[in-house]
Amino acid sequence: MKESIETLAELLAIMNPEIHMNLKTAVELGRWANGDRLSPGQLENCLQAIIAYEKTYLPETERVGYIDTSALKKSHCDDPDHNHNADKTQNMKWVQ
């Protein structure tokens, strides 16, 4: 058996939903299932693996960090045709 994974493709080839959930749990708790703490390097590698797996296999709405903005209040600035410079135009009156 190969001792290390050298490419993202190799990692994604062996990952499955169970491994994905185990990595997410380890990151959430800061510990492996056996109770050992994740080192900073392990934490970084787990996060990268989670992100790569989710980008490859999950729709955007199911990925870690997704925020549904559909219910947020819209403003006139959200309109792509809105001219921000028009909001700043004012006549100035100088007082002596």
Side-chain angles (χ1 to χ4, degrees):
M1 181 174 191
K2 194 170 186 176
E3 291 186 23
S4 66
I5 298 169
E6 296 182 19
T7 67
L8 179 58
E10 289 175 345
L11 173 68
L12 292 174
I14 65 166
M15 278 188 73
N16 60 38
E18 182 180 357
I19 292 171
H20 171 250
M21 287 306 301
N22 288 340
L23 291 177
K24 283 178 65 173
T25 300
V27 167
E28 289 169 1
L29 300 177
R31 296 182 179 276
W32 294 110
N34 68 2
D36 291 345
R37 285 192 174 275
L38 270 71
S39 71
Q42 289 172 329
L43 177 62
E44 182 177 339
N45 290 337
C46 287
L47 288 170
Q48 289 179 4
I50 291 166
I51 292 167
Y53 178 87
E54 291 183 358
K55 183 171 178 149
T56 303
Y57 297 111
L58 297 180
E60 183 179 8
T61 57
E62 294 179 23
R63 297 178 195 162
V64 169
Y66 172 76
I67 299 173
D68 181 8
T69 59
S70 63
L72 295 177
K73 183 178 177 183
K74 303 286 184 192
S75 78
H76 67 284
C77 290
D78 293 323
D79 181 359
D81 296 326
H82 176 73
N83 182 351
H84 291 280
N85 293 328
D87 291 345
K88 297 176 185 173
T89 327
Q90 294 180 1
N91 293 329
M92 295 183 69
K93 294 182 181 180
W94 296 94
V95 179
Q96 293 183 337

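These numbers come from a predicted model, not from an experiment.
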Check Ile19 against Asn16 and note the closest heavy-atom contact, atom names and distance.
N-OD1, 2.8 Å

List, one per line, each side-chain donor-acceptor pair under 3.5 Å for residues 22-30, sequence neighbours excluded.
| residue | atom | partner | partner atom | Å |
| --- | --- | --- | --- | --- |
| Asn22 | ND2 | Glu18 | O | 3.3 |
| Thr25 | OG1 | Met21 | O | 3.0 |

The criterion is side-chain contact (heavy atoms from CB on, under 4.5 Å); which residues satisfy it with Ile51, sequence neighbours excluded?
none

Keeping to residues at least two apart or across chains, list the ring-ring contact (aromatic ring centres under 6.0 Å, His included) pairs with something in residues 9-46.
His20-Tyr53

Side-chain donor-acceptor distances from residues 57-67 under 3.5 Å, at least two apart:
| residue | atom | partner | partner atom | Å |
| --- | --- | --- | --- | --- |
| Arg63 | NE | Glu54 | O | 3.3 |
| Arg63 | NE | Leu58 | O | 3.2 |
| Arg63 | NH2 | Leu58 | O | 3.2 |

Any donor and acceptor pair, going by atom type alone, linking the side chain of Thr69 with main-chain N or O of Leu72 inside 3.5 Å?
no

Does atom CZ (Arg37) have a neighbourhood of more than 12 heavy atoms from anything else shown, all under 6.0 Å?
no

Residues which pass side-chain hydrogen bond (donor to acceptor under 3.5 Å, both in side chains) with Ser70, listed by chain and number, not counting sequence neighbours:
Asp68

